[in-house]
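Within every chain, numbering begins at 1; the chains are lettered A, B, ... in the order of the sequence lines, protein sequences first and strands thereafter.
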Protein chains: 2
Amino acid sequence: MDTNDRLSPETALGRLPPGARREQIIAAASTLFAARGYHGASMQDVGERVGMLKGSLYAHVANKEEMLLEIVSTTSRRFIDALTPVLTGDDQVSVRIRLGLRTHLGVIHTDPDAARVFMHEGRHLEGRPRLWIEEAHNRYERIWRQAFEDGVRLSEFRHDLDTTAATLLALSVGNWITTRQGQVGDITNDIADSFSSVLLAGCLV
Amino acid sequence: MDTNDRLSPETALGRLPPGARREQIIAAASTLFAARGYHGASMQDVGERVGMLKGSLYAHVANKEEMLLEIVSTTSRRFIDALTPVLTGDDQVSVRIRLGLRTHLGVIHTDPDAARVFMHEGRHLEGRPRLWIEEAHNRYERIWRQAFEDGVRLSEFRHDLDTTAATLLALSVGNWITTRQGQVGDITNDIADSFSSVLLAGCLV
DNA sequence: CCTACCGATCGGTAGG
DNA sequence: CCTACCGATCGGTAGG
């Protein structure tokens with residue numbers, strides 16, 4: 001507890017509100033885990049990036065794994081919260097899916113590092129957190145699959161459409177793009193719509 | 001050099017031909033890099049898996065990075081050698097692509113661990129090897145893109161097909177599947193054909 | 001292929 | 001948030 005409350009504003013290099021410091025640390029971890037992988041980035045690296053010694057990080061986070069878990073669970077929630085309303089509306093299914101791809105790529109665009117950690121580093125969690133994140137992945141996949149199944153049920157898509165294949169196809173573009181960051185250029189709605197046009201043409205009756 | 005040549009066969013637990021021992025070590029590394037990531041797997045882990053102390057590994061490989069480079073370059077060659085004849089023939093383009101997806105998934109099926117290391121761990125190489133493997137990735141992508149462009153040029157595919165989107169779509173399914181190993185079940189030609197049917201329906205005129 | 005070892009770094013802690 | 005430190009493990013080597 002800090003009893004030294006002051007009314008004057010903090011200087012530029014001065015103390016940050018306590019929560020902000022933690023967020024800054026998590027953001028640094030996110031960047032480093034994305035670039036070097038979870039095991040390839042050390043607490044020392046994270047400390048350097050926020051300008052403190054690694055030992056001091058433990059005043060803000062319990063341990064390295066907690067940072068990974070926080071990045072992964074925050075991002076997973078971000079995807080699910082953003083896509084659920086889009087994919088489960090009562091719009092035309094092809095509209096839902098086009099918008100869904102835009103939204104999915106939009107979430108990636110908001111924080112590409114976190115998206116990458118969510119998709120590629122979450123597997124380095126162990127025990128209960130590991131199961132938890134796998135469940136989140138499955139929940140997200142189910143939301144997408146449901147949309148394709150709606151498309152078939154409402155006769156908007158071919159009755160013989162393999163919804164599993166379509167779902168995996170939709171998710172995989174969105175995710176593979178995180179592997180090619182910087183090479184694919186900015187993620188725009190145009191890019192999302194290009195994928196949609198090929199994918200949807202393959203689904204429609 | 002071993003001057004102790006014998007005509008009798010080796011016992012089951014006995015010495016292996018020198019090249020085979022090296023291959024066994026690389027295979028162990030492959031499995032471990034796939035499961036725990038390059039930085040998450042130690043030389044000690046590799047040693048345990050082949051039944052020797054880590055120091056002894058250096059009689060067969062120069063260092064840890066050499067193992068990664070060998071896995072990645074072998075697998076990259078495997079993909080390019082397998083797919084080049086399939087995708088550049090003068091068959092109908094949709095036939096080439098269907099067969100291409102089968103072949104791609106077939107290469108993954110042959111050695112899922114190596115495929116996974118190729119696609120997700122190669123980025124942990126540095127310097128020249130890193131550039132080399134990026135170039136290999138690009139070469140492979142170009143072979144696929146060329147097929148889609150042939151499809152448009154020969155009026156087999158829609159003239160307004162976004163070949164970049166189609167290429168990324170094709171590659172991403174193939175690659176994303178390595179992330180879901182064990183969950184997707186065995187990689188069969190049927191699975192490959194399911195993807196083809198959605199993808200090609202989205203490409204045809 | 002083992003013994004025995006190297007310096008460096010790992011994640012993490014105590015006490016202030 | 002720093003100082004100072006912990007035991008464990010890292011990739012790698014010398015000599016046999």
| Which nucleotide in the list D:dC1, C:dC10, D:dG11 gets nearest to the side chain of A:Ala59? | D:dC1
| message | With a cut-off of less than 4.0 Å, is there a side-chain N or O of A:His60 near OP1 or OP2 of D:dC1? | response | yes
| field | B:Phe33 CZ - D:dG11 P separation (whole Å) | value | 9 Å
| field | Modelled atom types, side-chain donor and acceptor of A:Thr167 and A:Glu141, under 3.5 Å | value | no
| field | C:dG15: pairing nucleotide in any strand, Watson-Crick or G-U under 3.5 angstrom | value | D:dC2
| query | With both distances under 3.5 Å as the test, what is the Watson-Crick or G-U wobble partner of C:dG7? | reply | D:dC10
| query | What class does the angle between the rings of A:Phe79 and A:His104 fall in, given that below 30° is parallel, 30 to 60° is tilted and above 60° is perpendicular? | reply | tilted
| remark: Which of C:dC2, C:dC10, D:dC2 is nearest the side chain of A:Met52? It is D:dC2
| task | Starting at atom CE of A:Met43, determine the distance to atom P of D:dC2, rounded to an integer number of angstrom. | result | 14 Å
| request: Using the six-membered ring of B:Tyr58, assess whether NZ or CZ of B:Lys64 lies under 6.0 Å from its centre and within 45 degrees of the ring axis. | output: no
| query | Looking only at N and O atoms, is any donor in the side chain of B:Lys64 or the base of D:dG12 less than 3.5 Å from an acceptor on the other one? | reply | no
| query | Angle class for the B:His124/B:His39 ring planes (parallel below 30°, perpendicular above 60°, tilted otherwise)? | reply | perpendicular
| said: Heavy-atom count check: over 12 atoms from other residues, nucleotides or ligands less than 6.0 Å from B:Arg98 CZ? | reply: no
| For C:dC10, does OP1 or OP2 lie under 4.0 Å from any side-chain N or O of A:Ser42? | yes
| Quick one: B:Asn63 CG to D:dC10 P, roughly how many Å, whole number? | 16 Å
| Within less than 4.0 Å of OP1 or OP2 of D:dG12, is there a side-chain N or O belonging to B:Tyr58? | yes
| query | For the pair made of CG in A:Leu57 and C1' in C:dG11, what is the distance, rounded to whole Å? | reply | 11 Å
| query | Roughly, in whole Å, what's the span from CG in A:Leu53 to C1' in C:dG12? | reply | 14 Å
| field | Of A:Gln44 and A:Ala62, the one whose closest DNA chain C nucleotide lies more 5' | value | A:Gln44
| request: Rounded off to whole Å, could you give me the CZ-to-P distance for the B:Arg36 and D:dT9 pair? | output: 13 Å
| field | Interatomic distance where CD belongs to A:Glu66 and P belongs to C:dG11 [whole Å] | value | 15 Å
| query | How close or far is atom P of C:dG11 from atom NE2 of B:His39, stated in whole angstroms? | reply | 12 Å
| Nearest-nucleotide pick for B:Arg21, side chain only, options being D:dG11, C:dC1, D:dC2 | C:dC1
